Amino acid sequence: MVGEEGAFVLGWDEVLTEEELSMTLKVLCMSEEEFKEYKEQDGWEDDSDEEENSTLSNEALSRLKSPCKKLLYDSVLLTLESYGADLKAEQDLLSNKEAYEKLSRREQQALHVRYGQKRILHQLLELVQ
């Protein structure tokens with residue numbers, strides 16, 4: 001369901017791998033009985049009507065059912081914990097011109113990427129609280 005890398009791609013305005021995330025949330029939030037029924041009905045193949053209406057924009061993410069929101073929230077927290085520094089530390093480094101200039105070009109680029117990723121993740125936390 002998730003693909004080879006086991007990750008979802010989030011943008012500022014929507015989930016870019018919405019089909020994978022939508023299906024994953026749907027399955028992970030099912031009871032065992034619902035999952036068995038869904039699997040028996042070959043629900044994997046034809047959810048086209050439901051999926052057409054399941055665009056995962058930021059607005060749609062904020063309207064998810066509570067179990068899905070909790071799952072996303074907890075997943076985002078785990079992802080944020082995997083980073084060495086928090087968003088504030090990255091922001092401080094970016095705003096400290098002297099410290100920033102001591103970084104190599106590669107470290108500066110990595111800092112910008114990490115900072116952007118963390119901002120998107122924090123935005124997602126706010127949407128699913």
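For the numbers below, each heavy atom of this structure counts, side chains included, while hydrogens, waters and symmetry mates do not. Since the structure is predicted, the reported quantities are computational estimates derived from the model, not experimental observations. Counting begins at 1 with the first residue of the sequence.
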Point to revise | Donor-acceptor contact below 3.5 Å, side chain T17 vs main chain F8 | key: no
Exercise for review: Take V76 and V128, measure what side chain to side chain contact (heavy atoms under 4.5 Å, CB included) needs, and give me the verdict at the end.
Suggested key: CA-CA 10 Å; V76 170; V128 297; 5.9 Å; no
Check your understanding: Do you know which two heavy atoms are closest between E59 and S62, and how far apart they sit?
Key -> O-OG, 2.7 Å
Check your understanding: If you round to the nearest 0.5 Å, how far is CD of E20 from CG of L56?
Key -> 10.5 Å
Exercise for review: Answer yes or no: is there an ion pair linking K36 with E32, defined by an N-O contact shorter than 4.0 Å?
Suggested key: yes
Practice item. Measure across C29 and L71 and return the closest heavy-atom pair with its distance rounded to 0.1 Å. Key: SG-CD2, 4.3 Å
Practice item. Could you please spell out the steps behind the side chain to side chain contact (heavy atoms under 4.5 Å, CB included) verdict for L78 and D74? Key: CA-CA 6 Å; L78 284 172; D74 291 345; 5.6 Å; no
Review point. After noting the C-alpha distance and the side-chain angles of E14 and L16, does the key distance pass the side chain to side chain contact (heavy atoms under 4.5 Å, CB included) rule?
Key: CA-CA 6 Å; E14 64 187 8; L16 302 176; 4.0 Å; yes
Study note, to complete from the structure: In short, K118 meets D86 closest at the heavy-atom pair NZ-O, 3.8 Å
Check your understanding: Shortest non-hydrogen contact from Q91 to Y115?
Key -> NE2-OH, 3.3 Å
Point to revise | Side-chain donor or acceptor of E90 paired with backbone N/O of L111 under 3.5 Å | key: no
Check your understanding: With the 4.5 Å side-chain cut-off for hydrophobic clustering, are L121 and V9 part of the same group?
Key -> no
Review point. Can W12 be reached from V15 by stepping across I, L, V, M, F, W or Y side chains whose heavy atoms are under 4.5 Å apart?
Key: yes
Point to revise | Separation between CG of L124 and CG of L61, rounded to the nearest 0.5 Å | key: 6.0 Å
Exercise for review: Measure across F35 and M30 and return the closest heavy-atom pair with its distance rounded to 0.1 Å.
Suggested key: CA-SD, 3.6 Å
Revision key, fill the gap. Smallest heavy-atom separation, L87 atom then R119 atom, equals CD1-CG, 3.7 Å
Check your understanding: Does the side chain to side chain contact (heavy atoms under 4.5 Å, CB included) test come out yes or no for L103 and L93, once each step is laid out?
Key -> CA-CA 10 Å; L103 300 173; L93 186 53; 4.0 Å; yes
Check your understanding: With no hydrogens and no angle check, do the side chains of Q117 and Y83 hold a donor and an acceptor under 3.5 Å apart?
Key -> yes
